[in-house]
Protein chains: 2
Amino acid sequence: MEVTAPVSRHSPACMKVSQVLSRIGDKWSVLVIMLLRERSRRFSELKRGVEGISQRMLTLTLRNLERDGLVSRTVTPSIPPRVDYELTEMGHSLAEPVQALGAWAFRHVAQIDAAQARYDAEVGNLEACEQTPT
Amino acid sequence: MEVTAPVSRHSPACMKVSQVLSRIGDKWSVLVIMLLRERSRRFSELKRGVEGISQRMLTLTLRNLERDGLVSRTVTPSIPPRVDYELTEMGHSLAEPVQALGAWAFRHVAQIDAAQARYDAEVGNLEACEQTPT
DNA sequence: CAGTATCCGACATGATACTG
DNA sequence: CAGTATCATGTCGGATACTG
């Protein structure tokens with residue numbers, strides 16, 4: 001169960017873990033995963049669903065997810081072409097801890113906001129006090 | 001319990017959630033949090049503990065965590081100065097889902113690696129077939 | 001429709017040097 | 001010791017245009 005202690009925090013495995021975390025951290029992956037959690041979706045459907053995303057970034061995001069084995073890509077050679085994306089089993093299993101993290105974030109949004117506001121106010125004050133012109 | 005569905009994926013709250021996820025995703029925050037999970041630590045201790053991190057990035061990481069209210073900073077004005085960092089209660093509560101995610105990542109490292117290798121092999125093949133020189 | 005290719009600016013990060 | 005300041009760089013991401 002222990003993850004960080006026994007692997008000494010610098011083992012190759014730990015590096016890999018960091019990579020996975022990075023994927024989670026990037027702006028779009030989680031959104032896409034959450035969208036695909038309900039059901040498989042087409043490219044354009046995802047594009048509409050995520051809303052801020054550029055075509056390029058959606059492509060790259062899906063590529064990475066597919067590369068990691070989290071999403072499967074199914075091409076239907078028709079005219080116009082149709083490509084469906086779906087969470088793999090591993091993708092679904094990832095969605096759970098991600099969801100847990102999302103739930104935590106959701107619960108603490110207000111508290112974090114408050115902390116930030118307080119911090120910024122203090123920093124602002126300190127900066128205002130600094131009268132060291134050169 | 002539902003996070004994404006009822007908030008329509010584009011509410012301001014959801015944006016905030018993304019911010020939190022970004023913090024998790026960045027290379028160092030999680031490492032620092034994990035280190036602080038055991039006990040409070042001094043700046044230089046963290047620097048040694050994380051190992052790849054530059055002084056600058058450790059400072060910035062700690063700053064952000066402090067701003068978010070996840071870490072508390074305690075200065076002991078001595079010579080030489082001493083600064084201790086400690087997870088706040090909220091920081092500790094965040095560590096749990098993060099740990100869960102880390103555990104997932106750890107369990108699936110091999111599978112992800114395999115998926116990547118397979119994907120790269122396929123892409124390599126496809127690229128090798130592409131004989132379209134201009 | 002579902003991409004790919006290219007250009008470009010913004011930001012993140014590392015290295016280095018200096019300070020209380 | 002615990003930072004801060006500055007500079008250089010590399011990656012990320014958006015906009016745009018083109019393709020099968």
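Naming: A, B, ... by sequence-line order, numbering from 1 per chain. The structure displayed is predicted, hence computed values, not measured ones.
- The salt bridge (Lys or Arg N to Asp or Glu O under 4.0 Å) contacts involving residues 55-71 of chain B comprise A:D120-B:R67, B:R23-B:D68, where partners must be two or more places apart or lie in separate chains.
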Annotated protein contacts, base or backbone, on nucleotides 13-20 of chain D with a non-hydrogen cut-off under 4.0 Å, one of B, S, - each: BBB----B

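- When distances run from any side-chain atom of A:Y85 to the nucleotides C:dA2, D:dG3, C:dG3, the shortest one goes to C:dG3.
- Contacts of residues 61-73 of chain B with DNA chain D (heavy atom under 4.0 Å): B:R63, B:R73.
- By the ring pair (Phe, Tyr, Trp, His ring centres under 6.0 Å) test, B:W28 pairs with no residue at all, sequence neighbours left out.
- Using a 4.0 Å heavy-atom cutoff across all strands shown, B:T59 reaches at least one base atom of the nucleic acid.
- B:Y85 and B:R73 form a side-chain donor-acceptor contact under 3.5 Å, judged by distance and modelled atom types alone.
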Bracket notation of DNA chain C in which parentheses pair within the strand, [ ] cross earlier pairs, and | pairs with another strand (Watson-Crick or G-U, under 3.5 Å): ||||||||||||||||||||

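- In this structure, the CZ atom of B:R41 is 16 Å from the P atom of D:dC1, given to the nearest Å.
- For B:R118, there are no salt bridge (charged side-chain N to carboxylate O under 4.0 Å, His left out) partners two or more places apart in sequence or in a different chain.
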Working for salt bridge (Lys or Arg N to Asp or Glu O under 4.0 Å), residues A:E45 and A:R39: CA-CA 11 Å; A:E45 203 176 349; A:R39 57 182 174 79; 2.6 Å; yes

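- Between the side chains of A:N64 and A:T61, not a single donor N or O lies within less than 3.5 Å of an accepting N or O.
- Across all their heavy atoms, A:L36 and A:H92 have their closest contact at O-CE1, 4.5 Å.
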